[in-house]
Amino acid sequence: DYDIQTESRKKVEGGVKYFSMGSIMWFTNLDHGRRHQKLPLMTMAENLKFNRNLRGKAAYDRYDNYDAIEVGTYKEIPSDYDGVMGVPITFLDKYNPDQFEILGNDDLDYPATKTYGSKKKIIDGKASRSSTGALRCVLRADSFGPGTYFDVGYPVRGVYRRIFIRNRCAIEKKK
């Protein structure tokens, strides 16, 4: 019943308005061909050497409050790592149950190894009021730089929601 401003996203057929919602996706556990396409991966050493986001690092960052490594995009998933990895929720679009095992997420399913008592929110170097409850995945930071950080006795920065996975192929190779 309302007018949609974005012309490229609206369609009117027979007086009924339809609107494209952009990046909304539907996930299913129904079997289909794309679900079993293997994701091509590089080794951890190759990712650290060639990936722009990881170049210059000696290793993947580890979460301060979960026993897992941070993987910023599906392209950074190492083929030879058999431990737990935290990946963005956009990974679900690439998920292959033959290649990966989903262990849970950073909300309720996967247990944190550390919880924080008092914390302060720091925005651009200044203490700020924070109404946030528990911190999800956080990485230690060197200092309170630009952006949002939390002071839990040392600087940590939060990352967006993560899904914890394990690479089944790396586990099989290790056996």
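Counting all heavy atoms, side chain and backbone alike, I69 lies closest to P78 at CD1-CG, 4.5 Å. Nearest approach of K57 to L48, heavy atoms of both residues: O-CD2, 3.9 Å. Heavy-atom minimum distance, R35 versus L30: CD-O, 3.8 Å. Closest approach of R55 to F50, counting heavy atoms only: NH2-O, 3.1 Å. Across every non-hydrogen atom of I122 and A127, the tightest pair is CD1-CA, 3.9 Å. When every heavy atom of I163 is checked against every heavy atom of L92, the shortest pair comes out as CD1-CG, 3.6 Å.
With a 4.5 Å cut-off on side-chain heavy atoms, K75 and N47 do not count as touching. When side chains are defined from C-beta on, R161 does not count as touching C137, because their heavy atoms never get closer than 4.5 Å. Counting heavy atoms from C-beta on, the side chains of Q99 and L41 come closer than 4.5 Å. The shortest side-chain heavy-atom distance between E46 and N51 does not fall under the 4.5 Å cut-off. In this structure the side chain of N96 never reaches within 4.5 angstrom of the side chain of Q37, judged on heavy atoms. Within the 4.5 Å cutoff, side-chain heavy atoms of V152 are placed close to those of Y154. Residues R162 and R136 have side chains not in contact (no heavy-atom distance under 4.5 Å, counting atoms from C-beta outward).
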* To do: Output, in order, the C-alpha distance, side-chain angles, deciding distance and verdict of side-chain contact (heavy atoms from CB on, under 4.5 Å) for I165 and V71.
  => CA-CA 10 Å; I165 64 167; V71 178; over 6 Å; no
* Would you sort out whether D98 and R168 count as a side-chain contact (heavy atoms from CB on, under 4.5 Å), showing the intermediate values? => CA-CA 7 Å; D98 303 324; R168 292 181 192 269; 5.9 Å; no
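Side chain of T113 to main chain of N65: a donor-acceptor pair is present (N/O by atom type, distance under 3.5 Å, no hydrogens or angles). Between the D80 side chain and the M44 main chain, a donor and an acceptor come within less than 3.5 Å of each other.
The one candidate from E76, M85, E70 that meets the side chain to side chain contact (heavy atoms under 4.5 Å, CB included) condition with Y60 is E76.
The same ILVMFWY cluster, assembled from side-chain heavy atoms under 4.5 Å apart, contains both I89 and V87. A single hydrophobic cluster is seen to contain both V159 and L103, as judged by linkage of ILVMFWY side chains at heavy-atom distances under 4.5 Å, directly or through other members. Under the 4.5 Å side-chain heavy-atom criterion for ILVMFWY residues, a single connected hydrophobic cluster contains both L139 and V84.
In the model, Y63 has no side-chain atom that pairs as donor or acceptor with a side-chain atom of D106 under 3.5 Å.
We find the CZ-CG distance between R157 and D64 to be 12.0 Å, quoted to the nearest 0.5 Å.
Pairs passing the ring-ring contact (aromatic ring centres under 6.0 Å, His included) check and including a residue from residues 98-119, sequence neighbours excluded, read F91-F100, Y110-F164.
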